[in-house]
Visitor: 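Please see the structure below; I have some questions.
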There are 2 protein chains.
Amino acid sequence: MEMGQRAPVGRPRGFDADMALERAMRVFWEQGYEGASLTDLTHAMGITRTSMYAAFGNKEELFHKALERYTEGPASYGARALREPTARQVATAYLHGSVLATTRPGAPAGCFGVQGSLAAGGTGGHARDTLTTWRNAHTALLRDRLRRAVDEGDLPPDADPDLLARYLTTVANGIAVQAAGGLAREELRKVADMALLNWPPATGA
Amino acid sequence: MEMGQRAPVGRPRGFDADMALERAMRVFWEQGYEGASLTDLTHAMGITRTSMYAAFGNKEELFHKALERYTEGPASYGARALREPTARQVATAYLHGSVLATTRPGAPAGCFGVQGSLAAGGTGGHARDTLTTWRNAHTALLRDRLRRAVDEGDLPPDADPDLLARYLTTVANGIAVQAAGGLAREELRKVADMALLNWPPATGA
DNA sequence: CTCCTTCTGTACCGATCGGTGCTGAAGATG
DNA sequence: CATCTTCAGCACCGATCGGTACAGAAGGAG
């Protein structure tokens, strides 16, 4: 048992799984879980149904993996915003990041986590719940970061981190809906800036 | 041709079309256009497929009629808000109305116009475009009202009615997404109030 | 080469999709 | 009563849904 490296036996797969997942992510992003058929997905991925099932399990697992890829790719602005030094910079980076991510040329308009499945019937319920959980997780991360900001004197002691986090994600979700409807990046940028006008001032530690 | 009243000949229909449309509206509201199957719809409406097609045309027409009913019913807060005397009151009524409408007990959570179809594949494209148009129409109504507010000195001369209207609908859409995820009414109310903090002061005519 | 494992493509599965033809039943009119 | 018109219900349409059985192709190991 001295082999640390994986030694793939058998016929190697004839496609780039990473690229295939990227393509699948875009289809889900544009059409939602239920709106994306296996035919749509496999055509975009450039592989057959059989290869997709062998590599990713089934449609629901493919959706989960596409969501993970979305989180680490187009939605990585969220994690980056959390690392900003002050609460105001966190808020600004978060909303500006959401504008950029939902209006990126060459990518689907809007947010995977919003339009991927807001409503569903039948088999789509799991996907809808998954994305609700995903959105709430983002809110929780933001809330924790803002709690720290209160401790650091970066927000007034009477500031409500829960409310502020919920406010930011609500605006970000609204931005995603507007972007999905085709609103231009510059317009959304102005909306985001307006939403930041009422941000509580720092107390100065 | 002196008969002004309609004289329905033949067998009268055996169900209440108004109530059936109300039920259909709720199914579309909860499950979206593509997520709502004809089986779901007709079961909720308490009628057969044939009766549905005779009374409403097809699925797409039923969706349009359900949207009209939604506009005049649960979404009528929008038209009411436009009739408020001042811009601030318009904005407050609009956001508070959206909170109430998207969190009404006994009704689906969220907004028909948002989750009805943000993303779609195949035949759902028309529904998605219809709702995008619907949301933009609401924004335009709000913008026109706020333009009047500038003329009336109810908003500063340098206020941007386009931006303010887009801001309000963006927040309202975000509220709808949060509500669809199950956020409580009181929480959303606080978010709405926070979004109203930066509303421009009246100049005093 | 032969064996073994894995991947690929075809062809197909039962279920469900939106939509309809047809047969009677039901009420209005005479 | 008979007649006319509309509605209701069943069975069914072709198309598509997500998912899979099977056979052959393609590589590594001996």
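To find a chain, count down the sequence lines: A is the first, B the second, and so on, and within it residues start at 1. Worth saying up front: this structure is predicted, and the values here are computed from it rather than measured.
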Visitor: For nucleotides 22-25 of chain C, which of its nitrogen or oxygen atoms have a protein nitrogen or oxygen under 3.5 Å away, and what is each distance?
Guide:
unit_1  : atom_1 : unit_2 : atom_2 : d
dA25(C) : N3     : R11(B) : NH1    : 2.9

Visitor: Rounded off to whole Å, could you give me the CG-to-C1' distance for the N58(B) and dT20(C) pair?
Guide: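 Those two atoms, CG and C1', are 13 Å apart.
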Visitor: Rounded to the nearest angstrom, tell me the gap between atom CG in L62(B) and atom P in dG19(C).
Guide: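 That distance rounds to 10 Å.
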Visitor: Map M52(B) and A54(A) onto DNA chain C by nearest heavy atom, then report which one ends up closer to the 5' terminus.
Guide: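 Of the two residues, A54(A) wins.
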Visitor: Checking all strands, does T123(B) fall into the base, sugar-phosphate, or nothing category for heavy-atom contacts under 4.0 angstrom?
Guide: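 If one applies the 4.0 Å heavy-atom cut-off, T123(B) turns out to touch nothing in the nucleic acid.
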Visitor: Select one nucleotide: of dC7(D), dT20(C), dG27(C), the one nearest the side-chain heavy atoms of Y53(B).
Guide: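 The nucleotide sitting nearest to the side chain is dT20(C).
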Visitor: I'd like to know if R49(B) reaches the base of dG18(C) with its side chain such that a donor and an acceptor end up less than 3.5 angstrom apart.
Guide: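 It does, because a donor-acceptor pair links the side chain of R49(B) to the base of dG18(C) below 3.5 Å.
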Visitor: Can you measure I47(B) atom CD1 to dC10(D) atom P for me and round it to whole angstrom units?
Guide: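 Spelled out: CD1 on I47(B) to P on dC10(D) is 14 Å.
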Visitor: Is any side-chain nitrogen or oxygen of T48(B) closer than 4.0 Å to OP1 or OP2 of dA8(D)?
Guide: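 Result: no.
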Visitor: Considering only dA8(D), dC7(C), dT5(C), which nucleotide approaches the side chain of V9(A) most closely?
Guide: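 Of the options given, the side chain of V9(A) lies nearest dT5(C).
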Visitor: Indicate, with yes or no, if the rings of Y33(A) and F112(A) have centres closer together than 6.0 Å.
Guide: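 Ring centres of F112(A) and Y33(A) not closer than 6.0 Å.
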Visitor: Could you tell me how far apart K59(A) (NZ) and dC17(D) (C1') are, to the nearest whole angstrom?
Guide: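 Answer to the nearest Å: 8 Å.
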Visitor: Do any of residues 18-34 of chain A sit with a heavy atom less than 4.0 Å from DNA chain C, and if so which?
Guide: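 Close to the strand, none.
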